[in-house]
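These notes concern the structure reproduced below.
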Amino acid sequence: MSTAGTRSPAADVATRVRYLLRIADTSLVLGQRLGEWIGHAPAIEEDLGLANTALDLIGQARLLLAYAGELEGRGRSEDALAFLREEPDYLNATLAEQPNGDFGDTIVRQFLLDAYQLELFERLATSTDARLAEIAAKAVKETRYHLRFSAGWLVRLGDGTAESQGRVQASLERLWPYTRELFDPDDTDREIAAAGIGPDAAALQAAWSARVDRVLSEATLRRPADSPYRWYGKQGRHSEHLGYLLSDLQYLQRTHPGASW
Amino acid sequence: MNARADRALAAREADLARARAVLAGVPDPEIPVLSLVDLGVIRSVEWGEDGRLRVGLSPTYSGCPATGVIRADVVAALVSAGFPTVQVHDVLAPPWTSDWISDDGRRKLEAYGIAPPPAPVASVRALAATDGPPRCPRCRSANTELLSEFGSTPCKALHRCRTCLEPFDRFKCI
């Protein structure tokens, strides 16, 4: 590491870059999805809420991608990483790329990921990687605000009418299987945890689970059973939805390479 | 000899004070009633080892689109004030907090029609005590309600006064 005073954790560079991309891509892809709501949300307040959350997420992704690019040392900028990587090179959690569906689907996806990111960023704020810790400390404040919005809506929809409750329960059943990937450690996660860069998956899951259960209970929703099936978006194996999202996200740079304004 | 060195040092210090004064006159692009210094985003103004003026800037929100404009405004203001080369760098830690908005900035915000965040307090318990509804910046009524957690910029939420019925922005407290 070139930065004076930064402790160099004992995980190799490729592993650290891969781990940064997982966090960055989850923020970026989720931010892009939320951006699709602009002009379509049920009311102006929700339009603003989703767009502002998207902005924070894309801002987090920029900081993380810029860092990943520097660490990698191959001269790739945040823009190159966002706009010029192919689908299997994206390492976001599969949950983040799931389509917006109706407002309830979006709120459930958002709530599950906000709760995850809050627990994650709180722990990364004490990472042995000083730069990652700085970015996470900034993101924690924003994520707390996002969670207040999504949890507030989940309670209103869940503890609302029979119609809203039925629909949001169905969203929860549909999206729940994707949460398993968030806490299912692979070699990268284990190496990162051993170096003190990222949290232990089991501890993260316990904290997330407790937080989610509290809100689900207030929302009078049932926690779905855990699914045995695992997704591997964080290893670059995605659901069919990511390709379409990337073709939107990357269209301009692919069509007019190097375009700027 | 020493006297000359002292004078040179004093001149460099005076230039730093002048640079800070210049920045105190640069408005925030979204809320022009606040200067960048009022907003608390200018974290340091110093001479770099290479002789260039270095300005440390803390973004308010990770994705705030105004950050790029602020960076350009800082450079433009200092260059036109006679500082030939200016380097702006991001300071992420400690993260920006609305506590850093100056007292003067809080007064300016309220006069402009934006409810300021509560003044900084020493403990979490004291914070809980101040975390009530904001005062209406127009009629000063405390009888206000939240309309939207998010507003026209990342740093603001939307409220409404139940007394004068006017909606108003509030600077989010983070």
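- A pairwise comparison of heavy atoms in B/Pro154 and A/Leu55 identifies CG-CD2, 3.7 Å as the closest pair.
- Contact of A/Leu63 with chain B is made through the side chain alone, with heavy-atom distances under 4.5 Å.
- Other residues, nucleotides and ligands contribute at most 12 non-hydrogen atoms within 6.0 Å of the CD atom of A/Glu218.
- Considering CG of A/Leu48 and CG of B/Leu158, their distance stands at 8.0 Å, rounded to 0.5 Å.
- In this structure, the portions of A/Gln60 lying under 4.5 Å from any heavy atom of chain B include both its backbone and its side chain.
- With a 4.5 Å cut-off on non-hydrogen atoms, B/Ser58 does not touch chain A at all.
- For the pair B/Lys172 (side chain) and A/Tyr145 (backbone), a donor-acceptor distance under 3.5 Å is absent.
- A/Arg62 CZ: 12 or fewer foreign heavy atoms inside a 6.0 Å radius.
- Atom CZ of residue B/Phe150 and atom OG1 of residue A/Thr53 lie 3.5 Å apart, to the nearest 0.5 angstrom.
- By a heavy-atom distance cut of under 4.5 Å, B/Tyr61, B/Ser62, B/Gly63, B/Pro65 are the residues of residues 61-75 of chain B near chain A, going up by number.
- How far CG of B/Leu147 is from CD1 of A/Ile44: 12.0 Å, rounded to the nearest 0.5 Å.
- When atom types are taken as modelled, the side chain of A/Lys138 and the backbone of B/Pro94 share no donor-acceptor pair closer than 3.5 angstrom.
- For the pair A/Lys141 and B/Trp96, the minimum side-chain heavy-atom distance is 4.5 Å or more.
- A/Ala137 approaches B/Pro95 most closely through the heavy-atom pair O-CG, 3.9 Å.
- Other residues, nucleotides and ligands place more than 12 heavy atoms under 6.0 Å from the OH atom of B/Tyr112.
- Atom CZ of A/Arg33 has more than 12 neighbouring heavy atoms from other residues, nucleotides or ligands inside a 6.0 Å radius.
- Around the CZ atom of A/Arg76, the shell of radius 6.0 Å holds more than 12 heavy atoms that belong to other residues, nucleotides or ligands.
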